[in-house]
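Note: hydrogens, waters and symmetry copies are ignored here, and every other heavy atom, side chains too, is used. In this text the structure is predicted, and so the values were computed from the model without any measurement.
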Amino acid sequence: MSTLAPSPITLSKLVSRQEVAEHTTAFRLERPANWKFKAGQALDLTLLNPPETDAEGNTRTFSIASAPHEATLMVATRMRDTAFKRVLKTIPLGTAVKVEGPSGDLTLHNNAKRAAVLLAGGIGITPFRSMVFRAASEKLPHRIFLLYSNRRPEDAPFLDELLTLEKENPNYELIATMTEMAKSQRSWQGETGQIDQAMLSRHLKDAVSPVYYIAGPPEMVSGLHTMLNEAGADDDDIRTEEFSGY
């Protein structure tokens with residue numbers, strides 16, 4: 001009986017942190033030598049001898065938001081009031097942390113004749129940021145449609161750079177939608193309301209034999225999965241990642 005090789009464990013350092021949306025912070029980590037991953041994969045981050053801890057422990061799994069060609073490893077998270085996140089928010093830059101991975105198989109399919117339809121909710125954007133920046137860097141021929149749902153523009157991590165990326169990759173299209181614009185202080189000219197079949201129909205006319213990827217809160221992932229099934233999509237063409245307990 002074969003066994004899976006354990007993921008390599010190595011030390012890294014916290015390089016920087018930046019607020020990328022309200023109550024959402026991106027953390028960049030030193031990329032260890034020869035540390036390779038595929039766009040869409042995840043890592044385990046462990047705090048070493050933190051000044052405080054709680055029942056949730058000192059390790060979290062994060063999707064890698066940076067693309068494989070970027071110099072650092074980036075993760076991003078909603079900043080709940082937990083011991084882990086309080087420590088991550090306040091430890092000095094340069095502090096050593098433990099990184100284990102990569103793990104996960106939410107990666108872009110190989111057949112470039114088939115479109116990729118990425119359905120993201122909130123912080124579920126992180127694996128898809130990695131994918132679309134990889135696609136642009138490597139000039140992949142895949143047609144990529146990214147549908148990205150948030151309550152308000154203020155809550156949408158990486159929104160501006162995901163919009164700008166359309167200029168770099170003509171095969172990529174961002175369809176961002178906001179569900180609670182009445183609570184926003186910003187103007188918004190894009191889609192509003194939840195991602196539904198009507199929205200998909202409007203924007204996916206050119207999507208050939210699509211493979212669907214869904215990442216976000218469990219209820220959103222489940223709901224979109226059911227919607228796609230009801231519209232005729234086969235489970236073999238739907239790949240999902242749930243983000244709970246941010």
Taking it one step at a time, do K98 and T10 satisfy side chain to side chain contact (heavy atoms under 4.5 Å, CB included)? CA-CA 6 Å; K98 185 170 72 174; T10 190; over 6 Å; no
Just do the side chain to side chain contact (heavy atoms under 4.5 Å, CB included) check on R80 and H23 with the steps written out, would you? CA-CA 8 Å; R80 289 190 304 132; H23 310 298; over 6 Å; no
Test side chain to side chain contact (heavy atoms under 4.5 Å, CB included) on L29 and V99; report intermediate values, then the result. CA-CA 9 Å; L29 309 170; V99 172; 4.2 Å; yes
Could you walk me through whether L73 and L43 satisfy the side chain to side chain contact (heavy atoms under 4.5 Å, CB included) test, starting with their C-alpha distance in whole Å, then the side-chain angles of each, then the deciding distance to 0.1 Å, before giving a yes or no? CA-CA 10 Å; L73 298 173; L43 58 77; 4.1 Å; yes
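Under a 4.5 Å side-chain heavy-atom cut-off, the cluster of Ile, Leu, Val, Met, Phe, Trp and Tyr residues that includes L48 is completed by L11. Within the hydrophobic cluster formed by Ile, Leu, Val, Met, Phe, Trp and Tyr side chains joined at under 4.5 Å, directly or through other members, L228 is accompanied by V117, L119, F145, L147, I175, I195, M199, L200, L204, Y212, I214, M220, V221, L224, M227, I238.
In this structure, the side chains of L45 and T59 stay at 4.5 Å or more apart for every pair of heavy atoms. Side-chain contact between S130 and S66: absent, with no pair of heavy atoms (C-beta onward) separated by less than 4.5 Å. Residues P127 and F62 form no side-chain contact, since every pair of their non-hydrogen atoms from C-beta on lies 4.5 Å or further apart.
Within the structure, the salt bridge (charged side-chain N to carboxylate O under 4.0 Å, His left out) test picks out the following pairs touching residues 130-140 (sequence neighbours left out): R134-E138. Every pair passing salt bridge (charged side-chain N to carboxylate O under 4.0 Å, His left out) that includes a residue from residues 28-44 is listed here, sequence neighbours excluded: R28-E70. Applying the salt bridge (charged side-chain N to carboxylate O under 4.0 Å, His left out) rule to pairs touching residues 195-223 yields E191-R202, sequence neighbours excluded. A side-chain hydrogen bond (donor to acceptor under 3.5 Å, both in side chains) check over residues 162-175, counting only residues at least two apart or in different chains, returns nothing. Among residue pairs with one or both ends in residues 221-244, those qualifying as salt bridge (charged side-chain N to carboxylate O under 4.0 Å, His left out) are R114-D237; sequence neighbours excluded.
Qualifying side-chain contact (heavy atoms from CB on, under 4.5 Å) partners for T53, counting only residues two or more places apart in sequence or in other chains: N58. Residues meeting the side-chain contact (heavy atoms from CB on, under 4.5 Å) test with K89, sequence neighbours left out: M79. For the side-chain contact (heavy atoms from CB on, under 4.5 Å) test, residues two or more places apart in sequence or in another chain that qualify with T126 are S63, A65, A76, I123, F158, F243. Under the rule for a side-chain contact (heavy atoms from CB on, under 4.5 Å), E19 has no partner lying at least two apart in sequence or in another chain. Residues satisfying the ring-ring contact (aromatic ring centres under 6.0 Å, His included) criterion with H225, sequence neighbours excluded, are absent altogether.
Taking CD1 from I64 and OG1 from T72, the interatomic distance works out to 11.0 Å, rounded to the nearest 0.5 Å. Here the straight-line distance linking atom CE of M74 with atom CD of Q18 works out to 8.5 Å at 0.5 Å rounding.
Here the side chain of N111 pairs a donor or acceptor atom with the backbone of K113 at under 3.5 angstrom. Side-chain N or O atoms of T226 include one that pairs as donor or acceptor with a backbone N or O of S222 at under 3.5 Å.
Cation-pi check for R129 over F133 is met; the charged atom lies under 6.0 angstrom from the ring centroid and within 45 degrees of its normal.
Counted by atom type alone, T179 and R151 present zero donor-acceptor pairs between their side chains at under 3.5 Å.
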